[in-house]
Every structure is written in C-alpha cells, then in structure tokens.
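For reference, the structure discussed in these notes is given below.
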Amino acid sequence: MTKKHYKQVPSSISFPKLEEEILSYWEKNNTFQKSIDNRPSKIDGIRNDFVFYDGPPFANGLPHYGHLVTGYVKDIIPRYKTMKGKKVNRRFGWDTHGLPAELQSEKELKVSGRLEILDYGIDKFNKHCEKSVLRFTDEWEKYVSRSARWVDFKNSYKTMDSGYMESVIWAFKELWEKGLIYEDYRVVPYSWAVESPLSNFEIRMDNATRQRQDPTVTAGFKLNGMDKTTYICAWTTTPWTLPSNLALAVGKNMEYAILENEQACYIFSVGSISKYSKEIEELGLKQIKTIKGSELGGKTYTPLFNYFENHENAFRILAVDWVEDGEGTGCVHMAPGFGEIDMEACREAGIKLVVPVDSKGLFTSEIPDYEGKHVFETNKDIARRLRESGQLIRFETYLHNYPHCWRTDEPIIYKAINGWYVKVSEFKDKMVELNKSINWIPEHIKDGQFGKWLENAKDWNISRDRFWGAPIPVWISDDPKYPRIDVYGSIDELEQDFGTRPESLHRPHIDELTRPNPDDPTGKSAMRRVEAVLDCWFESGSMPFAQVHYPFENKDWFESNFPGDFIVEYVAQTRGWFYTLMVMSTALFERAPFKNCICHGVVLDEKHEKLSKRLKNYPDPVDMFNKHGSDAMRWYMVSSPLMSGGDLAIDLKGAGIGQTVRQINIPMWNAYYFFTLYANAENIKAHKIHSSDNVLDRYILSKSHNLVKSVEEHMDNLQLASATAEIQAFLETMNNWYIRRNRERFWNGKQQAFNTLYTVIEILCKVSAPFLPMLSEKIYTELTGQESVHLSDWENVDELPNDTNLINTMDIIRETCSTALGIREANKLRVRQPLQKMTVVVENHAGLEEFSDILKEEVNVKDIKIDSDLSRYGDMQLVVNPKIGKRLGSKMKEVMIESKSGNYKNLDNGNVEVAGIELQGDDYTMRLKTTDGMAAQTMQNGMGVVILDTEISKELEQEGLARDLVRAIQNARKDAKLDVSNRISLKIKLQQELVEVVNQFNDFIKSEVLASELVIVLSEDDVQSDYTYEDIKIGSYSIDLGISKI
RNA sequence: UGGUCUGUAGCUCAGCUGGUUAGAGCGCACGCCUGAUAAGCGUGAGGUCGGCAGUUCAAGUCUGCCCAGACCAACCA
C-alpha cells in the first residue's frame, strides 16, 4: 500500500460541521492571536498597525441580522489587511452605561422611577446594573465566535471600566477648558418615562419619530380693555401646556382679521380664516376689518386659567417676526416651560418661565386641579373647561409625526430643564471641513446624509439625570454667595483635592467626595458634584482614546495611530456613533476620527419590511448556521447590495443562503475533492509552480493572476461585493473549464497538471480567506500542511504569469466549443457520439492550432480544420463601429440604415464605402451570416463560424456505442461503490449486434473502465454470484452488465 | 415641503466615461453530460429598462418634469 500524500476527503461534506471543526482548531492553536503577534507594530520605524474601531454594542438582547452583517465586514477587512502584512488588533467593546441598563434593572428590582431608586439606594441599584449589563455577553460571544469573527473578547473594553471612565472625564475637562461646555436651562426633549432628557439625535434615531394621534385645541384668549368681548385665537397640539401659558405671539407684519357677531369679536390671521370657515359660519361671524400684527403687540389678555395670574410681565401679546401662517391661527400660544421658541421669546420679553410638571410628567401642586395627574391625561378636561367658559373654538384630533422615547416607546414631552451642553454649533464648520478627508462608502453619505447633518449640528445635551453612567466631573459650591466651579479630569486630581482616592467613579462613591469651598472665608459652604451623569453617547464617542486609557497610558501609540483606518456600521449611525465620534474627535484633536467608513444597508424581510422579533419574519440565524453554515451566510450578505448601502430582502427560509452554498461552497469543495482524489490515486505530491509548458496550465495561472489583482483592487477600494463577484467568476472557469478539460491529464498522473491545480487552489483559498474563512482554512491547511491560511501572506501577483493574449485566445476556443455543442444540440447529436470533422473559420486564427486537441476532446470530433476564409461559408455583413458616429454626426443615421440593408461596396484600396462615406480600419468589421441549411453556426461574438460534419459512418456509430457502454460500466462501478483506482472483471450479456462493437473496441473499453478481463456472455447459465448485475439500456439495445472487483 | 437613494425578466440583482441584438443567478420548460455525481452544463420562454418630454447621429445610461418606494431633514408653536 502506497502512502497517500493528501487526506482522503469525502465528496460531499457538511459545511456546518466543518466550521465547528475549524473553530475548535483555531481555539486550540491560538490562531487568532498568532495572526496579530506575527505582524510587527512598526516596520523600519514606520507604523504598521491597521486601526479598526469596533463600535460597542449594547448587550441587552441577542444579536440580529444587522449585527451579523456589520460583524462580517468587521472581520473581512481585518483578515485581508492581516494577510497584507498589517497588525490588526481587534478588541471587542461593550456599551454598558445608560438608560437601557437602568430600565432593565428597574424592571428586575421592581423599583420604578427616580424616587424609588433613591429609596432603594443608588449603591445597590448601580451594583445591580453592573451585574445585569453583562448578562448577554456570553450569548454574544457565542454568536460572534460562531460566525467566525475574530475579535478579542478576553481583553475587551467596557465603558464602565474605571480606566475608560477616567479617559471620558479627561475629555470632558479638555472640552471645558476649551470653553466648549456650558450649563444651561433649556427646553429639551424629555422622556418622562425614564425621567431624563434625551439628546437631539436620540429622538431622531431609527423609528423614534412616528405617527401619533393627538388632541388639538383652538382657544380664544380674552383681550383686556376692549369695548366688546374680544377673543384672539391660538392653536395648540399640546392642550396640557395651556395652564402654563404666559404669553401669545403674533407676526409683526402679518395681517389679522377681526370678525364679529352680536356677542363678541374673534381675531384670526387672514391666512387662517378659510380653515375655520365652519366655526365662523356657526358663530355667524362677519369680518369687520383687518389690522397688522404689530398693532396687537403689547395688548394684554386674561389668562385662561388663574394658576399664574399674578405672574410678572405675563399675558401680553408679543409681536415677533418668526410667526408664519402655518397650520394654526397665526397666533401662537406660548408656554415657555415647554417650548424652545416660547422660552426664548419670553426671556426677551422679561417673562420668567414656569414648569409645573415634575420629572415623571405629572402636574405639580402649582396646578392644584391636576396635581399628580399625567399631562397627557388632562388634555380632555382642559378642553372641557374651555368649552364651559366659551373659549373653545375648536377641538379635534390630529395625526402627526411625534418623537418617542427610543427605549420605552412612550411619547416624549418638551420641558425646560437644567443641563450640560457641548457647544457643537461653535465648531461645526470644522467638522464639515474634516469630513472632507473621510472616504465614505457609499460616497453620497459624505456630502449627503452625514455632511448635511454636520452643517446643521445643534448643541448637544450631554447630561442625564440618572444614576448608572460616567459622572459629570463638575463640583459646584452649594452657596451661591460664594460661587466656585471645579472640573476634574483624572483620578489623581480628585485625590489631590479631596484627599482620598475614590473607590469608583460611579455614583454614589463619586458623590461622596466633598470638601469645603476654598473661596468661602466662612468655611460653611461645600463643593458638591452636580448630580447628573453623562450621556452614554458621549462615552461611545470617546471610544478611540478611552479604550486605550489615553492620555494616562498608551500616549505614543494613540498619537501615532489616530485617526483609525476603518469603521463600519449601518447607515443610521450617521446620527449616532459616527456623529459622536466626529464631535469628540473634532473638539479634542481637531482631526477626523476615522479614514474609511462603510455604511451598510438594512436587512429586510422578503416583503421589504423591517425584521421584527414579534412577527418572526426572518429565518433564525442559529438555524442558518446549523443548516448552511456561517461562511455561506457571510458570502450571501457581503456579495449583496448591503455593501453599497442598499437594502437586502432576505427570504424566510433562507433560500438565498442555500443558493450560496450551491454556487460557492460546493464548487470550491468539489475542486479540492477532485484534486485529492486523483493525487492520491496516482500517488502524487504536488508543489507550487509559476509556469508550465501546458497551455491550459498557463491559462489558469494567468487567470489566477488576474483574480488576485482584481480582488486586491476591490478590497483596497472597500468594494467587497465586487471582490466576491471576481471569485465567483474564477470558480466557474476553474471548475467548468480548466478541470473538466484536463481530466485526462489527472487520470494519467501528469505532475504539471497537479502542480497547477495545487497552485490555483492554494491561491483561491488565500483570495477567499476573508470571505470564507473556515472553508478556505480547511482546504488550505489540508492541502498545504501549513498552519493557517490566515497566517499566510497575500499572494504576490508579480510571480504569476500574466498572458493576456492567451486569455483572449482561450475565450475564442471556449466560444467555439459552446457554438459546436449548440450545433450538436440542434441536430440531436449526443456528445458521446464521435463526429468526423469540425471546421472553425476565424479571420484571425493565429495560435488557434495549438488548441485543436482541446477542441477535439470537448466537441468529440476526429479532425479539426481551421480556416480563415469566411466568405466560403456564408455571406459577409458589414457591421459599422458605432463610435464613428462622433465623427459623422447626422450622416450616421443613413450609414447605419444602408449598412444594415447590405448596401455597401468594397473599394479597390481595401476600404468600404457606405452611403458615400469611406470607412477604413477600425471603422467597421465584417461579420459572417451563415448560409442557411448548413450544420453551421455563427459564434455569438460574430467573429467566426463553426461547421460540423454531421454524417455518421458505421465506424463512428460503433465507437459511439462503445462509449455508451463505457459510460454504463462507469455508472455500474459507481453504484458498486468502487474506488476510481479499483480494477474489475467484466461479464457482459448482450445482443448479437453489439458483440461486434465490443470486440472491436475491446482494448478501449477495458482501459477506460480499468477492466482486467472482459467476457461476453450469451446465456444466463454463465451468470456468477460474485458479480453484481445491472440491466442497462444503450440506445435501443438492452444489456446485462456484471462487474466484480479484483 | 426639501434632500439623498432606489425603480431593469416571475424573484434577487449586474449593466464602466451614452455606442451594434440589455445581462447573470434563482424559478419554469426541454435537452445534455457525468472517472467531481444528493453535483455539473446547454437551450428556450419571459423585458415598451417606472412614465412623459428633451439633448444627441445614437439614451437603460445625460437633462427636466411626473409617479412609486425607502431613508434623511424641515414643519409639527
């Protein structure tokens, strides 16, 4: 028994099982870590890191398809860069702070709201958050690992690590010192459900804004000092703010109409009258005159409710320039505690605001009638009271887009609240400028979605009145008489001033740091931390430096490796992570945070609707892993429009993924299986080569040159889908041309053929390693005996032959074959039936002779004739090169018509004249149209013609039958589960007519099927029990076939 | 209301700076091949390239308008 050089592999394999095997192989060999350690951080003093930022996910649920897509890209690029020689560290990160963690804990601890948490104890509450926030990390690790994504979990960063938090407060202090942070009392989107303000971009995330039906009220405010009762009408979508109304605003230059009936006057803007025609009719109103808004300015009115009736400066009409005739009445109700514009306008008018609503959205004792009631519950009652006082002009519901809290799904309110802000508006121009240096995929994001957003950037509210988060590192004197503000940017600074090192930067420990106010000579006041914590987006925006505890550690590394080289997330992160990274990076370092960014699209269901856990309208990823494997899923997603920002509609059964298995995984495996099968059968050990004297070898090597080169180009341009398309096309050529056409060489153990296939498969493994990390690993390691394809270097293109002529010629050959097979098909001539002659007529046939053996085999003909005289086989047609249209202009039309109808003449100088225009050189080509009735066909590219001699002589017919017989015997061998190298003994029982065929082709048959003996049996008596028999039909004959392994 | 993207075969999608008869995969029909075999290959049917205008010798490709969908923004007082 000879030693086999390659592992015996099964012809078909379970890819999911193969993947599990590779995953444990990697784990055992520590392959991932090696792939990083193998690469130096610097080469000749030049940085060699490829810096990739892994955006921290929040682990409050299991990963879904969106995460998987991102994860695949996050793996593909680093694997590619590693093979190209870069050191690519990949640390996983966890977003641990913020509302989701707190809400989860509230639910689990059954405490709800700020007061209950304070009661329960911040310490205990935060401890619980800390524990529960990591609950899903194991599950995440499982999913991520199963998807063959290499990322360092052990060394992962968490936003709650004290090092991370220290870097975050450092950043805060930097911004403070640059004057980019301020405290302000402003109206902000406020989630009463989580009792905290939200940032302007949180309410824009995903589907936070959606349709909602709200009551609207048009109320009449009674003007003071009028002869006749006069109502000025204002419209609002938030009736609950009417008790807090302190002013009305009208447009300075707008026209207002005064309408009256016997009892009263009503004022509407002229532009809004038509909308109120129904009410006007009901009240029997007639317009008496119009006045300018400026004339209304300064008038006072009686408040609708008396809660704030003595409020200073209040209940006046303000004439301003920003009111427009929109949906309302042209007169705006102002509740400065609940509207941004309201607040600004009232501040200018010297009206102090009132906020009679607490943190849970309940009215305070300032509104005794509704104390403890949720604001939304009071809308109806407010309308009822207005109706009773005759001041309700209209009540209706209104469908509009309204922001909701992205974590609780409850509608938000706008409310004045104290907060800390980053002055983003001050440096937004800088951000716009820095954005120009970023390479965005797809490109339109740069000046579109992201660029536009930057241009309109608003100041960012970074404070949250919550518990579980990085502290706002600001200490303020508790006595306004002795004001002082201290901001801290490190633990050391804290220790220095407070004399003790905080146990943790989390609340409540951080809050326990107090000290006497140094600016207070009485010594009575103290420095206390402001209570709020930081928006968790401030933390994720700090990720590039905070993950390495900059500037306290890794100072040199960070400074030479920032900005990052690459990030990827889905497109909505232009409002989220991409944005906060940009803000932090611009404010701190005046640099863009990353160089390249892929925004991928969204995975949808087959009806193009969002994936929803509730509807279960998508296949379970785990099922897909188990059924088709992760490599197929990776390929499927990465070769899709997702990579250029488009959506991908995934079908419920995952058929697209199964299709990938059939088109990519199986063909690749088949090639490898084929190689090992015959290398082992022939006891061949192959090695890598870069040249061969066989033309097919040189062809496929040239093709692999092109493959490596184009994949490299696409990858360098971050065009992942294009790269996969190249690999797929190569697979097709390798399997359905190179291997198929070379089968005989493999059967005969031609070393060069094996060397070539070995080389090509190895290259294919390398090129597809980022896209099929496990399948290519399996094949590569078994084929080469190397440790891992992911530890190998990217193939050096320059070493491979690059023969463009050969590739072009081969294209003609392949075209010839498919044309010839087309003729066979049309004439119902099976390929197994040999034919005598094929004529190939191509005008320029230099180099084609070399391929005549290939043609003979592929088309199964005895002789090939190559000719260049097209005119003998059909009529020539003039085909005009359309590019001459540029030169001819309007004459072109005529030239086209004339040439198509064959009206042209050949000139003596070899040129052609059409419609009076002389054409030469590249201006035209002649194309053959085959004469009807011949077994001939024009090639699809029109370059030539193929003619088949369809006459079948007796001899050819018999050879055909012999081949049929061989085919049948091979089938029987297969059925008997014989190895391709087993020798057999044959007994055939057949009709007299076939005996002649078998006799004549006896040697041929025996050698084709590896038969040592062939016995023709004419009666049943000779049947022996150690033979397996089959009934076979060949043409119109039926025979009994017996084979036995020797 | 504005911006960006998308609209090509039953389905999922290619189609470069405008250029001859618009492609691929899946599905369907019919064949073929098989010493890779629970694979492979070929052929066919199927398209007014969302619509209407325009520019041009020539438009799936460029321009304008319109329609539909997605996303982003504005409005939402």
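Only this structure's heavy atoms are used, side chains among them; waters, hydrogens and symmetry mates stay out. Residue numbers begin at 1 in each chain, while the letters A, B, ... track the order of the sequences.
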| Is A:Gly339 touching bases, backbone alone, or none of the nucleic acid, heavy atoms closer than 4.0 Å? | nothing

| request: Calculate the interatomic distance between A:Gln449 atom CD and B:G3 atom C1'; express it in whole Å. | output: 10 Å

| Rounded P spacing from B:C11 to B:C28 in Å | 16 Å

| Which listed nucleotide (B:C32, B:A77, B:A14) is nearest to the side chain of A:Pro641? | B:A14

| query | Using a cut-off of 4.0 Å on non-hydrogen atoms, how would the nucleic acid contact of A:Glu1008 be classed: base, sugar-phosphate, or nothing? | reply | base

| request: Report yes or no: is there a donor-acceptor pair, N or O only, under 3.5 Å between the side chain of A:Gln663 and the base of B:G25? | output: no

| message | Does a side-chain N or O of A:Arg832 approach OP1 or OP2 of B:C33 to a distance below 4.0 Å, or not? | response | yes

| said: Quick check on B:C72: is either OP1 or OP2 less than 4.0 Å from any side-chain nitrogen or oxygen of A:Lys452? | reply: no

| field | Same-atom distance (C1') from B:A45 to B:C30, integer angstrom | value | 11 Å

| message | To the nearest 0.5 Å, what is the distance between CG on A:Asn670 and CD1 on A:Ile739? | response | 8.5 Å

| said: Given B:C57, B:A70, B:A36, identify the nucleotide with an atom nearest to the side chain of A:Asp647. | reply: B:A70

| Taking the six-membered ring for Trp, is the centroid-to-centroid distance between A:Phe578 and A:Trp453 below 6.0 Å? | no

| request: Please state how far atom NZ in A:Lys446 lies from atom C1' in B:U4, giving the value in whole angstrom units. | output: 16 Å

| Atom pair distance, as rounded to whole Å: CD1 in A:Ile727 and P in B:A24 | 22 Å

| task | Quickly work out the A:Trp240 CH2 to B:A77 C1' distance and round it to whole Å. | result | 13 Å

| query | Touch check for A:Ala335, heavy atoms < 4.0 angstrom, all strands: base, sugar-phosphate only, or nothing? | reply | nothing

| said: Between C1' on B:A38 and CZ on A:Phe15, what's the gap in Å once rounded to a whole number? | reply: 13 Å

| Range-with-range stems for RNA chain B, at least three Watson-Crick or G-U pairs under 3.5 Å | B:1-7 with B:67-73, B:10-13 with B:23-26, B:28-32 with B:40-44, B:50-54 with B:62-66

| When the P atoms of B:U61 and B:G50 are considered, how many whole Å apart are they? | 8 Å

| said: What verdict does the side-chain hydrogen bond (donor to acceptor under 3.5 Å, both in side chains) test give for A:Gln573 and A:Tyr579, after you've listed the backbone C-alpha separation in whole Å, the side-chain angles of each residue and the deciding distance to 0.1 Å? | reply: CA-CA 7 Å; A:Gln573 291 293 0; A:Tyr579 176 67; over 6 Å; no

| field | A:Tyr414 versus A:Phe338, closest heavy-atom pair with distance | value | O-CD2, 3.2 Å

| request: Mind checking A:Gln659 for me? I need base, sugar-phosphate or nothing, with any heavy atom below 4.0 Å counting as a touch. | output: sugar-phosphate

| For A:Arg743 and A:Arg887, take the nucleotide of RNA chain B holding the closest heavy atom to each; which residue's nucleotide lies nearer the 5' end? | A:Arg743

| request: Tell me, please, which residues at least two apart from A:Phe674 pass ring pair (Phe, Tyr, Trp, His ring centres under 6.0 Å). | output: A:Tyr678, A:Phe746

| query | Which whole number of Å gives the distance between the P atom of B:G60 and that of B:U17? | reply | 16 Å

| message | Side chain of A:His444 only, heavy atoms from C-beta on: which candidate in B:G19, B:G27, B:C5 is closest? | response | B:C5

| field | Nearest-angstrom distance, C1' atom, B:A14 to B:A24 | value | 7 Å

| message | What's A:Asn735 touching, base or sugar-phosphate or nothing? Going by heavy atoms closer than 4.0 Å. | response | base

| A:Ile413 has an atom CD1; how far is it from atom C1' of B:C76, in whole Å? | 16 Å

| said: Please report the distance separating the C1' of B:G2 from the corresponding atom of B:G15, rounded so that it comes out in whole Å. | reply: 31 Å

| said: For A:Val1009 and A:Met334, find the nucleotide of RNA chain B closest to each by heavy atoms; which residue's nucleotide sits nearer the 5' end? | reply: A:Val1009

| message | From C-beta outward on A:Arg575, which listed nucleotide comes closest to its side chain: B:G35, B:C72, B:C13? | response | B:C72

| What orientation do A:His333 and A:Phe221 show, parallel under 30°, tilted 30 to 60°, or perpendicular over 60°? | parallel

| query | Is A:Glu732 touching bases, backbone alone, or none of the nucleic acid, heavy atoms closer than 4.0 Å? | reply | sugar-phosphate

| Between A:Asp447 and A:Trp440, does a side-chain hydrogen bond (donor to acceptor under 3.5 Å, both in side chains) hold up when you go through it step by step? | CA-CA 9 Å; A:Asp447 296 320; A:Trp440 287 94; over 6 Å; no

| task | Pick base, sugar-phosphate or nothing for A:Ile666, based on heavy-atom distances below 4.0 Å to the nucleic acid. | result | sugar-phosphate

| query | Would A:Trp747 pass as stacked on B:G35, i.e. its ring centre under 5.5 Å from the base's six-membered ring centre and planes under 30° apart? | reply | yes

| field | CD (A:Glu340) with more than 12 external heavy atoms under 6.0 Å | value | no

| task | Using only side-chain N and O atoms of A:Asn736, determine if any of them is under 4.0 Å from OP1 or OP2 of B:C41. | result | yes

| request: Would you classify A:Tyr678 as touching base, sugar-phosphate or nothing, given that sugar-phosphate means primed atoms plus P, OP1 and OP2, and contacts are heavy atoms under 4.0 Å? | output: base

| query | Expressed in angstrom and rounded to an integer, what is the separation of A:Gln719 atom CD from B:C16 atom C1'? | reply | 13 Å

| said: Using the P atom as the point on both nucleotides, what is the distance between B:U4 and B:C66, in whole Å? | reply: 14 Å

| message | Any side-chain N or O of A:Arg967 below 4.0 angstrom from OP1/OP2 of B:G35? | response | yes

| request: Mind checking A:Lys891 for me? I need base, sugar-phosphate or nothing, with any heavy atom below 4.0 Å counting as a touch. | output: nothing

| query | Under 3.5 Å, is there a donor-acceptor pair between the A:Asn742 and A:Arg745 side chains? | reply | yes

| task | Please check if atom CD in A:Glu443 has more than 12 non-hydrogen atoms from other residues, nucleotides or ligands closer than 6.0 Å. | result | no

| request: Mind calculating the distance between CD1 (A:Ile657) and C1' (B:U12) to the nearest angstrom? | output: 13 Å

| message | Would you compute the distance between atom CE of A:Met334 and atom CG of A:Leu353 and round it to the nearest 0.5 angstrom? | response | 11.5 Å

| query | For A:Ile739, which contact category applies under a 4.0 Å heavy-atom criterion: base, sugar-phosphate, or nothing? | reply | base

| request: Could you work out the separation of B:G35 and B:A29 based on their P atoms and round it to a whole Å? | output: 27 Å

